[in-house]
Amino acid sequence: DTAVSQTPKYLVTQMGNDKSIKCEQNLGHDTMYWYKQDSKKFLKIMFSYNNKELIINETVPNRFSPKSPDKAHLNLHINSLELGDSAVYFCASSQDRRLEQYFGPGTRLTVT
Amino acid sequence: ILNVEQSPQSLHVQEGDSTNFTCSFPSSNFYALHWYRWETAKSPEALFVMTLNGDEKKKGRISATLNTKEGYSYLYIKGSQPEDSATYLCAPHNAGNNRKLIWGLGTSLAVNP
């Protein structure tokens, strides 16, 4: 019954590896987002898709690539992981960009 | 770039106290304002989405007002309870800028029993 789910919840990996985080929403929403929570607990938008179309692409390293196979899924792939990528990554969805966002539980990524 | 300021940064109150926080944002091109509640070790949870000047919304003991002309919103909690302890985030978005939310740093509320 989870509205927005993310897998994995925890991810520990070494520098230089490539990893993916998956996000799925069962709310029928059209818009999905990826956020990075920095060390000060500040939420920074990374990407947003609306009906599988990229609408927000903030200044993030091109090692980060989102993929939306359908409007219920928005995955985040990260190449050549760096120490500074360690953070909590949140996925969210909303019916419309104007409406409230529903967040997933977060994925805590630790790069060693 | 929107500048969102929330005050106070943190607040400690006693159970039963009523409290309020402020969110300030540039008023130009206003589109909507979101309030979220974020408990430790959980995910942000939407409280309100407000769009019209003068809007007032209420959910239980929590209410919010909006002034789009002067660029501020207040969040009120009546009779605070320990379970209200959380960070309260506001996030406006304007008509341009891809309508993305610009998140404030939040007000961290601790309610002592």
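First the proteins, then the strands, lettered A, B, ... as listed; each starts at 1. All values below were derived from every heavy atom in this structure, side-chain atoms included, with hydrogens, water molecules and symmetry-related copies excluded. None of the values given here were measured: they were computed from a predicted structure.
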Chain A contact via [X] - which portion, at a heavy-atom distance below 4.5 Å:
X: B:Leu89; result: side chain
X: B:Trp38; result: both
X: B:Phe48; result: neither

Verify the distance criterion only: is there a donor paired with an acceptor across the side chains of B:Asn112 and B:Glu15 at less than 3.5 Å?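 There is no such pair (donor and acceptor under 3.5 Å, judged by atom type) between the side chains of B:Asn112 and B:Glu15.
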Is A:Tyr102 close to chain B through its backbone or its side chain, or both, or neither, when contacts mean heavy atoms under 4.5 Å?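 For A:Tyr102, neither part sits under 4.5 Å from chain B.
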Okay, A:Ile45 and chain B: the region with an atom under 4.5 Å from a heavy atom over there is side chain
When you measure from the side chain of A:Ser48 to the backbone of A:Met32, do you find a donor-acceptor pair of N or O atoms at a distance under 3.5 Å? yes
Are the side chain of A:Arg108 and the backbone N or O of A:Val88 linked by a donor-acceptor pair below 3.5 Å? no
Determine whether the aromatic ring centres of residues A:Phe103 and A:Tyr35 are separated by less than 6.0 angstrom. yes
Nearest 0.5 angstrom please: A:Leu76 CG to A:Ser65 OG, how far?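 Here the rounded value is 7.0 Å.
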